[in-house]
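Working notes, structure below.
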Amino acid sequence: MGEVLAFWFFAALTIGCALLALLHRNVVNSAFALLGTLLGLAGFYVLLAADFLAMTQVLIYAGGILVLILFGLMLTPPVTNERRFGRILVAVAVVGLGAVAFWEKARGAVWHAAAREELAAPAGTVREIGLEFLRRDSWLLPFELASVVLLAGLVGAVYIARRRFPREDV
Amino acid sequence: MSALLPFAAAGNGLTDWLAGLFPAGVPFWILGLLGAVIAFALIMVFVSVLAMFSTWLERKVAGHIQVRYGPMRVGGWHGWAQAIADGVKLLIKEDIVLADADRALFKIAPCLVLGAALAAFVALPFGPNAIVADLDLGVFFILAVSSVTTLGVIMAGWGSNNKWSLYGAMREAAQVASYEIPLGLSLMMPVMYYGSLSLHRAGEMQADWFGLHWYVFSDSFWLAIPSFILFFTAALAETKRSPFDLPESESELVAGFHTEYSGIRFSFFFMEEYAAMYLMSAVGTAFWFGAWNFPGLELLAGSALYAPLAVTVFVVKSMILVFVMMWVRWTVPRIRIDQVMTMGYKYLTPLCLILVFLASVWEWAKAALTGA
């Protein structure tokens, strides 16, 4: 009962805020509406007993990526003569395609709550994630290393692409 | 029970206490909701009183550091009622919402900022049994939830439709996003020492040695002291305290992101600042300075005095760190925004990474030698 209520609450929050983000005229307000979507997703992770993932979602997306998005939007000149109808059309097309793809997968899924017992980890998931890093046959560490390589690539790209001014301040 | 179990597993949180009061048939989610209401009321009262006391303390500290008295008149003894008078004034002030402001964002922002700060109090252990929910994630939860504050500040800055507010918000975003890295990394040293993210577990592990087995006195003290200094510096930047108070620097930006706020909405930002200061100080106390442990306190274990005294010890220790934050504010001049960024990225982060490496080698060697 509690989970069902929580599920519908988070579902309403996620979808409602996503719609708001999609349909709002002001693009900065759209970005703020995204906060509700991200927090709703974090709520879903909690319901799936993935506590570490939920908090990472809040820390990285709500506290980091969204701030970055807002930073980018505030520094960009606003688009005034946009075609709202076209945007909605694109959105409907994307959602439609997504729904078709999801339906293909969803038909085969078992929509039954019997699997929930093994989801309810009694004391959190941080420990398992940490141990997974140290396991010899695990791909988690190589995966994380790949993200470090990507980060190095990004820093390098910024360094090469930046504009150089003669320094006067030192 | 339910899938919410990892969020209230250890058996000393508020919900577990409530579960003991009701018959076994009451579903978990009702207890959870009830616990949430009680927890919100408790935290709100605590933060309100804390904010009132802290504003008075801040003005007294400022006064004495500048060789004057600070508030002396209201209430008689050293102006103790000054904060209450200020609070009443803020409550009855006109609530102004600008005509050109983005009304929705302008109104949501203070609630989001204060709400995020209050939510983080859920994982704070005030005493061995005084914690709302003993989360397995503990300090990570606090970091994650309080990072939402940044978004509220940006919302306030943007919604105010004022260039000073927006400047403040941009500075805040840049500063807080940068200092989250050293803040998180500096917490890795105690986390590795305790082998847990839970602040409550940290408190339990510091109870030996007649209540003095604190992290700063342990065999890892040479890691504890520098990591605390790094943590405290990053915490000052996270809470927008001087010398990192660029987002609201009065002499440059009027009042930064809360320039346009008045009345109760302004006081929400004010309460958030003191709540965040206390929060960071409490994390520092729990991880480095023995949480609620104090020499001799264990002798009282079992008596009715033990729980209130433990909470008092924890709050007093945290308030000492809050006092240090005030002391720093009235001693160190504000630094420039580029110096803030340089300090975060070029000094604090590399130093934290070095410490993380040293700590992992040290804790691993300790475990290997003792065969743990």
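Counting heavy-atom pairs closer than 4.5 Å to chain A, the top-ranked of the candidates A104(B), G159(B), S147(B), G195(B) is S147(B). Counting heavy-atom pairs closer than 4.5 Å to chain A, the top-ranked of the candidates I108(B), I154(B), L143(B) is I154(B). Between chain B and the residues L35(A), L70(A), V58(A), V28(A), the most heavy-atom pairs under 4.5 angstrom are made by V28(A).
For A169(B), no part lies near chain A; criterion is any non-hydrogen pair under 4.5 Å. Neither the backbone nor the side chain of L33(B) has a heavy atom closer than 4.5 Å to any heavy atom of chain A. At a 4.5 Å heavy-atom cutoff, the contact between L151(B) and chain A is made by backbone and side-chain atoms alike. Using a 4.5 Å cut-off between heavy atoms, V67(A) touches chain B through backbone and side chain atoms alike.
Panel note: side chain T349(B), backbone G344(B); a donor-acceptor pair is recorded below 3.5 Å. Without hydrogens or angle criteria, S138(A) side chain to L140(A) main chain gives a donor-acceptor distance under 3.5 Å.
Between Y179(B) and F244(B), a ring centre-to-centre spacing shorter than 6.0 Å is recorded. The distance between the ring centers of Y45(A) and F52(A) does not fall below 6.0 angstrom.
No more than 12 heavy atoms of other residues, nucleotides or ligands lie within 6.0 Å of CZ in F40(B), so this atom counts as exposed by the packing criterion.
Taking the six-membered ring where the residue is Trp, Y261(B) and F106(B) present parallel rings, their angle staying beneath 30° rather than reaching 60°.
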